[in-house]
Amino acid sequence: MRLRSLILLVALGCSACASVPQRSVYDDLGGQAGIEQLVEDLLVRVSDDPRIAPLFVGVDIVNLHARLSEHLCVEAGGPCVYGGKNMADAHAHVDINPAHFNALVENLVDTMDARGVPRRSQNRLLARLAPMQRDVVR
Ligand code: HEM
């Protein structure tokens, strides 16, 4: 009898797990529309940050907004297709040092905080972006 109860409990537990969908990073960022707004807010912050704003002078911001939105969407597990350059080619002509990289991450975190993105999803996204530092920084 005890064993049957245990099996029932396990079965119920598993079905309960399956029926409670896990929120993805993509969901927590607000889906595609949320990511596009996030990137817009991020680019505004970047343009106000004297540590890195000079690196973006002369850049096609409409293209950057579109590509960065696609890129973050893919990294967040969303149903997007990234149509831009790889990270090494995209940044080959930009003189980015580790302090610049950290400043951009700081702006991204501030933007996500301001938009109420849960810390767990922020950390999961940052963990996906961190290894790209080697392709972005000189
Ligand atoms: C993991 C971190 C980063 C990611 C995921 C990322 C992503 C991107 C993407 C998707 C593009 C557009 C590529 C294309 O047009 O095909 C881009 C361009 C650019 N990124 Fe980044 N980036 C990162 C870090 C940085 C940092 C730290 C800086 C400077 C502080 C920076 C400055 C730029 C600039 C200036 C461009 C425009 C280049 C141009 O169009 O001439 N990026 N980045």
Side-chain angles (χ1 to χ4, degrees):
M1 187 62 179
R2 271 196 192 150
L3 182 62
R4 287 179 68 180
S5 306
L6 187 65
I7 290 168
L8 186 66
L9 271 177
V10 169
L12 280 174
C14 286
S15 66
C17 289
S19 64
V20 178
Q22 291 279 316
R23 278 184 71 82
S24 66
V25 177
Y26 176 74
D27 292 331
D28 278 344
L29 292 177
Q32 199 159 339
I35 290 172
E36 286 171 11
Q37 190 58 59
L38 171 85
V39 172
E40 190 174 326
D41 294 354
L42 172 64
L43 292 178
V44 169
R45 279 182 195 267
V46 163
S47 70
D48 281 342
D49 185 339
R51 297 173 296 176
I52 49 176
L55 297 172
F56 291 82
V57 170
V59 165
D60 178 349
I61 292 295
V62 173
N63 172 69
L64 180 58
H65 178 270
R67 301 290 84 77
L68 192 52
S69 298
E70 291 167 358
H71 193 275
L72 291 184
C73 176
V74 170
E75 295 307 322
C80 308
V81 176
Y82 175 58
K85 300 172 187 163
N86 67 47
M87 288 300 97
D89 288 347
H91 301 92
H93 60 293
V94 193
D95 205 0
I96 301 171
N97 64 35
H100 293 138
F101 191 91
N102 292 340
L104 188 82
V105 170
E106 200 182 300
N107 280 288
L108 177 58
V109 169
D110 288 347
T111 309
M112 291 193 288
D113 277 344
R115 293 184 56 75
V117 177
R119 270 296 157 100
R120 183 170 170 272
S121 282
Q122 292 193 22
N123 290 339
R124 285 170 69 190
L125 181 64
L126 295 175
R128 301 271 311 182
L129 299 183
M132 295 171 198
Q133 178 161 5
R134 62 172 164 263
D135 291 327
V136 169
V137 168
R138 297 209 164 175

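The first residue in the sequence is number 1, and the count goes up from there. Just so we're clear, the structure is a prediction, and the values are computed from it rather than from any experiment.
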For R138, does the CZ atom have more than 12 heavy-atom neighbours from other residues, nucleotides or ligands under 6.0 Å away? yes
Please name the pair of heavy atoms, one in G77 and one in Y26, separated by the smallest distance, quoted to 0.1 Å. C-CB, 4.3 Å
Rounded to the nearest 0.5 Å, the NE2 atom of H91 sits from the CG atom of N86 at a distance of 10.0 Å
To the nearest 0.5 angstrom, please state how far the CG atom of L38 sits from the CG atom of L125. 8.5 Å
Rounded to the nearest 0.5 Å, what's the gap from CZ on R124 to CZ on R119? Could you check? 15.5 Å
Test side-chain hydrogen bond (donor to acceptor under 3.5 Å, both in side chains) on N102 and E106; report intermediate values, then the result. CA-CA 6 Å; N102 292 340; E106 200 182 300; over 6 Å; no
Over all heavy atoms of both residues, which pair between V136 and M87 is shortest? Give the atoms and the distance, please. CG2-CB, 4.3 Å
The residue among V105, L108, L104 that forms side chain to side chain contact (heavy atoms under 4.5 Å, CB included) with L129 is L108
Kindly give the heavy-atom pair with the smallest separation between A53 and V46, and that separation in Å. CB-O, 3.5 Å
Is it the case that one hydrophobic cluster holds both I52 and V44, taking links as side-chain heavy atoms less than 4.5 Å apart, direct or via other members? no
Please tell me if the side chains of P98 and Q133 come closer than 4.5 Å, counting only heavy atoms from C-beta onward. yes
Donor-acceptor pair, D135 side chain versus M132 backbone, under 3.5 Å? no
Measure from the side-chain N and O atoms of H65 to the backbone N and O of V62, and report whether any donor-acceptor pair falls under 3.5 Å. no
Is a side-chain donor or acceptor of Q32 paired with a backbone partner of C73 at a separation under 3.5 angstrom? no
Once you round to the nearest 0.5 Å, how far does CG of D41 lie from CE of M112? 12.0 Å
A76 versus L29, closest heavy-atom pair with distance: CB-CD1, 3.7 Å
Distance in Å, N107 CG paired with D49 CG, rounded so as to fall on 0.5 Å steps: 4.5 Å
At what distance, to the nearest 0.5 angstrom, does CG of L68 lie from CD of E75? 10.5 Å
Are the side chains of Q122 and D113 in touch, meaning some heavy atoms are under 4.5 Å apart? yes
Heavy-atom closest pair, residues R67 and Y82: O-CE1, 3.5 Å
Least distance between heavy atoms, R45 atom then A114 atom: NH2-CB, 3.5 Å
